[in-house]
There are 2 protein chains.
Amino acid sequence: MTGKLRISDVAKHAGVSPATVSRVMNGNPKVDPGLVARVQAAAEELGYTASPLARSLALGKTQTITVLVPDLGNPTFQGVLRTLSRSAAADGYHVLVADSAEVAADEASLAVDARRRTDGIVLVAPRMADDELDALLPRLAPAVLVNRPPHESAPVVAADYAGGLRELIEHLHDLGHRHILFLAGVPGSASNARRLAAIAGARADHPDLVLDEAACGTGFADGAAAVDAVRGSGATAVLAYNDLVAMGLLSALHDAGIAVPADVSVTGFDGIPFAPYTTPPLTTAAVPTDRMGERAWAAMRALLDGDDAPSPEVFAPVLAVRGSTAPPRA
Amino acid sequence: MTGKLRISDVAKHAGVSPATVSRVMNGNPKVDPGLVARVQAAAEELGYTASPLARSLALGKTQTITVLVPDLGNPTFQGVLRTLSRSAAADGYHVLVADSAEVAADEASLAVDARRRTDGIVLVAPRMADDELDALLPRLAPAVLVNRPPHESAPVVAADYAGGLRELIEHLHDLGHRHILFLAGVPGSASNARRLAAIAGARADHPDLVLDEAACGTGFADGAAAVDAVRGSGATAVLAYNDLVAMGLLSALHDAGIAVPADVSVTGFDGIPFAPYTTPPLTTAAVPTDRMGERAWAAMRALLDGDDAPSPEVFAPVLAVRGSTAPPRA
DNA sequence: ATGAAAGCGCTAACAC
DNA sequence: GTGTTAGCGCTTTCAT
């Protein structure tokens, strides 16, 4: 009853031309009501649905967009992808996902390739360098950037990392901490650079604060491995690069018999779903991935509709104070 | 330099017919080497790449498959999706994702719709009832099922939930526990039913074991909310529906001043990346989502290549014993 | 209002 | 070997 029927089959069955069937299927108003009914009945009876492929070719639109992420396993990207996907679906669009597996060198070709089979692309936290991105964007338009600094050739939806870090530092400072250790991410990365800049800014704001940095990484294991650096630093509070690092550290500190927050306070960054459930619950700066995914889709939708490119949207992370931070030991 | 060139542009530029360009682009062996070079040079110079859309229509293949998941935010599905996506990409295939947002009633139409624009579909832990699935599968072929019991009309890649649960129970029994509480998932769901069956089986195996059940759920909050049920049960060990529930419970137990594993042992299920980093680290049955994603792709690939449908692959979860379980208090 | 025909861009059968 | 032609299935002028 189903399967490989073409529009001409329906046309024959209804005794009309393929053009009329097409018009009916697309709700073209100027078709005789009688024919509309006949055609709809025929389509219904045969179980016909237009081939999306053929429509795409004829229309030059696929009703699909690409979302390129550095790692489908990263909770932060998942949050964005999830909402983006649902928002797009609500508007009748489909989502093609591409995972660069954190290999910056592959991003460009993956993006170009995927973009060609879709109507637009959302680049989530692309790892490539600025100049490469600049050169690439024109070839990808319409494109939307998530978590990259405002850019002229594409709408941007980003979290204010510097602001979030600042809030976290302010929080620790208010609690009385005067010696904080920042566990940095991947050395050359853009996001790490931005956070380091924020750290530098905080140092300027608080002359009474000792703000150390230690190389670390971005995953659980990196956080766990930082336990010695933390112990040796003499800091009373640790600003982990993200929640994953914080969780790894929390776990290692527990094993080492170092109490949190009694002996040392720990903060994360991102506000992943697990943060409230660590022991102790993690104080973090929650990045609103849901709203970001939704806004990224809105921006893409605007581009697709030929509207003006939306201006950059920067979201302030929300400070979530939980049990992992407290005043330093007197 | 790029953009809307058609195959005829290249043909003209190289002084050959479109057919020849097509042959060259597809590496057809019987083309004069001289022409091959000329065409390649022309394509290169113009920056030409064949339109995937037009190719798809002509070939009847899109080089894309659909992966339908109940929730893009669920760590278990993410694991499968991630590996599946990378495996497919390694074979030159693209992945379209669809998220049913846990609404079983929407799965069928989402699947049919997405399937029409791709070459096949992988249904990850579909929530729909068996009879609905039976009726749907023929319309979706080629299709692969992940985490559903072996089925005749589609290859299946699944985790052995009953086996995993059995191992967990065996582990607790060996430790000396004789009163265990199982925190069940969503009442009507297929996966919950399977686990309940495994629980029943374990009761038969161990007449000396009291195995209680309590309604719970599948998320953090559900686990946290179960703390009273746990306390009131008198059980010395808790078998949480999954790792999320276990984490929620661990957190709530900690807040309630109930020590794990001293006062009560807790186990999870799934082996999500966070499991080793909870406090205490979570004993769980680790489902090999990586291998499952890879095998799901292999099965799909076989179907796509017209090979025989692979037989069901059931993966035994790996017992990961960590700090959340210990002998009961004497 | 409806149908005939051209075209979206490519591939494959069929001739030469 | 290479070009010509006919689709793949739909939409959309352009006539009528």
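Worth knowing before you read on, the calculation uses all heavy atoms, side chains too, and leaves out hydrogens, waters and symmetry mates. Chain letters run A, B, ... following the sequence lines, proteins first and then strands; every chain starts at 1.
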Problem - B:Leu59 CG to C:dC8 P, straight-line distance once rounded to whole Å - result: 19 Å

Handout entry: Within 6.0 Å of CZ in A:Arg291, more than 12 heavy atoms from elsewhere
Key = no

Fill in the blank from the handout: Taken to the nearest whole Å, CG/B:Asp32 to P/D:dT2 is 5 Å

Exercise for the section: Over all heavy atoms of both residues, which pair between A:Ala111 and A:Leu123 is shortest? Give the atoms and the distance, please. Expected result: CB-CD1, 4.5 Å

Practice task
Please state how far atom CG in B:Leu53 lies from atom C1' in C:dG7, giving the value in whole angstrom units.
Solution key: 14 Å

Handout entry: Salt-bridge contact A:Arg82-B:Asp71 (side-chain N to carboxylate O under 4.0 Å)
Key = yes

Handout entry: Side chains of B:Asp130 and B:His151, donor plus acceptor under 3.5 Å
Key = no

Exercise for the section: Starting from P on C:dC10, measure out to CZ on B:Arg55 and report it in whole angstrom. Expected result: 10 Å

Practice task
Quickly work out the B:Lys61 NZ to C:dG9 P distance and round it to whole Å.
Solution key: 24 Å

Problem - Rounded interatomic separation in angstrom, taking CG from B:Asp9 and C1' from C:dC10 - result: 13 Å

Practice task
Report the C-alpha distance between B:Asp119 and B:Tyr93 in whole Å, list the side-chain angles of each, state the deciding distance to 0.1 Å, and finish with yes or no for side-chain hydrogen bond (donor to acceptor under 3.5 Å, both in side chains).
Solution key: CA-CA 10 Å; B:Asp119 300 340; B:Tyr93 274 77; 4.8 Å; no

Exercise for the section: Answer with base, sugar-phosphate or nothing: what part of the nucleic acid does B:Ala50 contact at a heavy-atom distance below 4.0 Å? Expected result: sugar-phosphate

Handout entry: End axis versus end axis in the helix from C:dA1-D:dT16 to C:dC16-D:dG1, the angle rounded to 10°, five pairs used at each terminus
Key = 50°

Problem - Side-chain donor-acceptor contact under 3.5 Å, B:Thr118 with B:Thr62 - result: no

Practice task
Look at the side-chain N and O atoms of A:Thr20 and state whether any lies under 4.0 Å from the OP1 or OP2 oxygen of C:dG3.
Solution key: yes

Practice task
Identify whether any heavy atom of B:Leu35 sits under 4.0 Å from a base atom; if not, whether one sits that close to sugar-phosphate; answer base, sugar-phosphate or nothing.
Solution key: sugar-phosphate

Exercise for the section: Just call it for A:Leu57: base, sugar-phosphate, or nothing, with non-hydrogen atoms closer than 4.0 Å on any strand. Expected result: base

Problem - Whole angstrom value for the distance that separates C1' of D:dC10 from CZ of B:Arg116 - result: 12 Å

Handout entry: A:Arg127 and A:Glu102 ion-paired at < 4.0 Å
Key = yes

Handout entry: Contacting residues from residues 21-28 of chain B, given that a heavy atom lies under 4.0 angstrom of DNA chain C
Key = B:Ser22, B:Arg23, B:Asn26

Exercise for the section: Output yes when at least one side-chain N/O atom of A:Ser51 is less than 4.0 Å from OP1 or OP2 of D:dC10, else no. Expected result: no

Exercise for the section: Verify, without hydrogens or angle tests, whether B:Gln78 (side chain) and B:Gly73 (backbone) share a donor-acceptor contact under 3.5 angstrom. Expected result: yes

Problem - Distance-only side-chain donor-acceptor flag, A:Ser85 / B:Asp99, under 3.5 Å - result: no

